[in-house]
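Letters A, B, ... are given to chains in the order of the sequence lines, protein chains preceding strands, and every chain is numbered from 1.
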Amino acid sequence: MKFKLYDSVKKEKLDFTPIKEGEVSIYICGPTVYDDAHLGHARSALSFDLLRRTLKELNFKVTLAKNFTDIDDKIINKLKKSNQTLQELTEYYINRYLCDMDSIGVQRADIEPKATEHIEAMESMIDTLLKSGYAYKLDNGDIYFDSTKDSKYGSISNMVIDEDATQSRLENIDGKKDPKDFALWKSCKGDEDICFDGLMPSGRPGWHIECSAMIAKHFNGDDNYCIDIHCGGADLLFPHHENEAAQTRCSLNKEIAKYWMHNGFVQIDGEKMSKSLGNSFFLKDALKIYDGELLRFYLITIHYRNDFNFNEEDLHASKKRLDKLYRLKKRLYGGKASKPNSNFKNELLEAMSDDLNSSKAFAIVDEMISNINETLDKEPKNRALKQEALANIEFIGSLLGVGCKDAIEWFQQGVSKEDKEKIETLIAKRDSAKNKRDFELADSIRDELKSMGITIMDTADGTKWEKL
RNA sequence: GGCGGCAUAGCCAAGUGGCUAAGGCAGGAGCCUGCAAAGCUCUGAUCCCCGGUUCGAAUCCGGGUGCCGCCUCCA
């Protein structure tokens, strides 16, 4: 099966051909760790988690790196307001990030490089650029990349910047030769700055150079490319990825990545997520209210390239949709999985192999659920089908990362042990009333349960309950 | 000012030239049930507007309108 992806630089869907047969190298631009992860981080992580899972299912040997930017202006600003060291602060947020991503089923990266651990690699890259004339030093010691020396500058974002640039908001610092030029190295600006001493004058790296240097250090690629796929949020295309590509091209004489993938943005109730608007939604806050797997499901039911409008109403619709998968799983409770239906498996994998068409994949899942339920209504004892259905659900779990939890517990989340006992007692009471055909009492007990947020269902295996 | 994206039923959302325009939520009808719930069945749109290309377009091209993003740190 061919994997197809939409290359956001070439702007077309392409057949994926890896640099090395059967292997894939992926680099994702990870977070700057100065605060907790928000829903946008979640969406980006989930998009490329699906990429990784799909490629693995297609039998590629996947090596995935996701960096942490642990030195930057925002971190330094935050540090000034706290009494933590740089390492304490960034390690705290790195752990928070990893925990939050664990909660939504994002598999850990194979390599998690930190900027501060790659200062030498960055310095050596900058040194190469300086020596070959692609970079220059300002009077204050800052080192800038000379974008005019790179004839391919602009080829990634297709961004042509007017020489006049009257409307451009590119920062124009005295001494910069061209508005497009960007900082490779920032010289030490005083006691409150965080500085590194090495090959370069005391100072710290610019943002863009870290990705180029970390990719160069961890991946070999071939003569033309460093890695197969470079991923990140849509906002990174320019200037971040343009600049990364330029640095790599000019220092290593090859392109940084063969393919580029960018995920769409998350909005909340139709508005851009931002702290100034007061609607910034941290993943940790969402996790206090909603189950992590539900958030995952909700965030991946829409194609990764589209913008995503996060809102409670759609989230509840998603909950009901995911419930259907768990109801089937509950119906199959206690059975053993055999092998997934090969048609189902192929269709699902094919959908995901088509530029991660998760919307289509879930439509296939829904149809599978309906089909199994329909057959099971007619043939409740079809054991082979039940075992196959369980295997289907396991496959969904490994490819899409949902439906992995215990089906009984799924519907009883947030119910305390005492309440569970109380519910069981009430159900027993109702059963005996029902047996005596005292439906008035039975119904009043059902109402009582409903007021506790519990719904019940009479089945062939007795009365079952769920939290509403 | 420059670059780019999007517009499909009440809502969410696939579809990128051709069988009856996927799927979900909500709604309606039915089967099942003591009644419910769950499950199942049936039920809805000609695809923002105008023009063009084509035997044939939601899908391609041109022109509108509207929304959004990037060009400053940003997933």
Side-chain angles (χ1 to χ4, degrees), chain A residues 8 11-13 28-32 34-35 37-48 66 69 72-74 77 154 157-162 164-171 179-180 207 231-240 242 262-267 270-275 298 301-303 305-309 311 313-324 327-328 330-331 351 354 357-367 369-378 411 434 437-440 442-443 446-447 450 455-459 463-466 468:
Chain A
S8 37
K11 300 201 181 301
E12 57 182 331
K13 206 187 270 187
I28 304 172
C29 282
T32 301
Y34 70 100
D35 209 339
H38 53 61
L39 290 170
H41 292 115
R43 167 116 134 123
S44 181
L46 286 170
S47 300
F48 306 120
K66 176 153 66 178
T69 300
D72 133 296
D73 290 353
K74 278 185 180 168
N77 284 338
S157 61
N158 198 28
M159 192 71 81
V160 184
I161 290 150
D162 232 333
D164 303 330
T166 46
Q167 300 294 318
S168 164
R169 288 183 280 176
L170 282 173
E171 101 186 293
K180 300 189 292 292
W207 176 36
C231 307
D235 56 325
L236 298 180
L237 187 55
F238 187 86
H240 187 51
E242 187 71 62
H262 290 92
N263 66 277
F265 253 47
V266 177
Q267 296 195 319
E271 280 193 84
K272 184 177 170 165
M273 204 166 45
S274 74
K275 282 181 185 170
Y298 175 44
T301 41
I302 293 170
H303 190 93
R305 269 192 284 127
N306 284 161
D307 280 338
F308 190 104
N309 183 24
N311 66 88
E313 197 185 331
D314 291 346
L315 182 56
H316 282 127
S318 277
K319 165 79 165 69
K320 300 202 97 174
R321 194 178 186 184
L322 184 54
D323 279 351
K324 287 170 78 136
R327 278 220 183 77
L328 175 61
K330 198 163 109 176
R331 190 174 186 175
D354 183 13
N357 193 338
S358 51
S359 278
K360 194 172 178 183
F362 283 113
I364 293 163
V365 168
D366 286 327
E367 277 173 348
I369 295 169
S370 272
N371 289 337
I372 301 281
N373 273 324
E374 188 186 354
T375 312
L376 246 33
D377 280 354
K378 289 176 199 149
F411 290 106
K434 230 165 46 127
R437 304 193 67 79
D438 183 353
F439 295 125
E440 219 170 294
D443 289 352
R446 184 166 58 198
D447 289 343
K450 200 171 178 185
T455 183
I456 55 171
M457 36 199 71
D458 294 325
T459 74
T463 303
K464 307 283 184 207
W465 66 272
E466 294 180 1
L468 282 174

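Going from atom CG of A:D307 over to atom P of B:C67 covers 15 Å, rounded to whole Å. Between the P atom of B:G10 and the CD atom of A:E313 lies a distance of 14 Å, rounded to the nearest Å. The distance between atom CG of A:N373 and atom P of B:A37, rounded to the nearest whole Å, is 17 Å. Spacing between atom CZ of A:R446 and atom P of B:A36 amounts to 8 Å, rounded to whole angstrom units. Between A:D458 atom CG and B:A36 atom P there is a gap of 12 Å when expressed in whole angstrom units. When the C1' atom of B:A14 is taken as reference, atom CZ of A:R321 falls 10 Å away, rounded to whole Å. B:C3 atom P lies 20 Å from atom CG of A:D235, rounded to whole Å. Rounded to whole Å, the distance from CD on A:E374 to C1' on B:C31 is 13 Å.
Closest to the side chain of A:K11, from the set B:G5, B:C71, B:C11, is B:G5. Closest to the A:D377 side chain, of the nucleotides B:G34, B:C40, B:A37, is B:C40. The side chain of A:E367 lies closest to B:A22 when the candidates are B:G24, B:A22, B:C70. Listed candidates were B:C70, B:A75, B:C25. Nearest to the side chain of A:F238 is B:C70. Minimum atom distance to the side chain of A:D314 is reached by B:C11, of the listed B:A37, B:C11, B:A75. For A:S359, taking side-chain heavy atoms from C-beta onward, the closest of the listed nucleotides B:A13, B:C25, B:G23 is B:A13. Taking every side-chain heavy atom of A:N263 into account, B:A75 is the closest of B:A26, B:G4, B:A75.
OP1 or OP2 of B:G24 has not a single side-chain nitrogen or oxygen of A:S318 nearer than 4.0 Å. At the phosphate of B:A38, neither OP1 nor OP2 sits under 4.0 Å from any side-chain N or O atom of A:K330. Here A:R327 reaches the OP1 or OP2 of B:G39: one of its side-chain N or O atoms lies under 4.0 Å away. Neither OP1 nor OP2 of B:G24 sits under 4.0 Å from any side-chain N or O of A:K319.
The residues A:R446 and A:D443 are annotated as salt-bridged, a charged nitrogen and a carboxylate oxygen being separated by less than 4.0 angstrom.
Among the heavy atoms of the strands lying under 4.0 Å from A:G40 is at least one base atom, whether or not backbone atoms are also near. No engagement by A:V365 is indicated, since no non-hydrogen atom pair under 4.0 Å with the nucleic acid exists. Within 4.0 Å (heavy atoms only), A:K378 reaches no atom of the nucleic acid at all. Within the nucleic acid shown, A:I302 comes within 4.0 Å of sugar-phosphate atoms alone, with no base atom in reach, counting heavy atoms only. Using a 4.0 Å heavy-atom criterion, one finds that A:A317 contacts the sugar-phosphate atoms exclusively. Looking at heavy-atom distances under 4.0 Å, A:K74 makes contact with a base.
On a pure distance criterion of 3.5 Å, a polar donor-acceptor pair joins the side chain of A:D443 and the base of B:G34.
A distance of 8.0 Å separates CD1 of A:I364 from CG of A:N357, quoted to the nearest 0.5 Å. Of the inter-residue distances, the one linking A:L376 atom CG with A:N371 atom CG reads 11.5 Å to the nearest 0.5 angstrom.
Using modelled atom types and a 3.5 Å distance limit, the side chains of A:N373 and A:R327 yield no donor-acceptor pair.
Residues A:F308 and A:I302 approach most closely at CE1-CD1, 3.5 Å, considering heavy atoms.
Where stacking is scored as ring centres under 5.5 Å apart with planes under 30°, A:F362 does not register as stacked on the base of B:G24.
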Atom pairs, N/O to N/O, protein against nucleotides 15-19 of chain B, distance under 3.5 Å?
{"from": "B:G15", "atom 1": "OP1", "to": "A:N357", "atom 2": "ND2", "distance (Å)": "3.1"}

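Residues A:G30 and A:D323 both approach RNA chain B. Their nearest nucleotides, taken by heavy-atom distance, put A:D323 toward the 5′ side. Toward the 5′ end of RNA chain B lies the nearest nucleotide of A:D366, the other residue of the pair A:G264 and A:D366 mapping further downstream.
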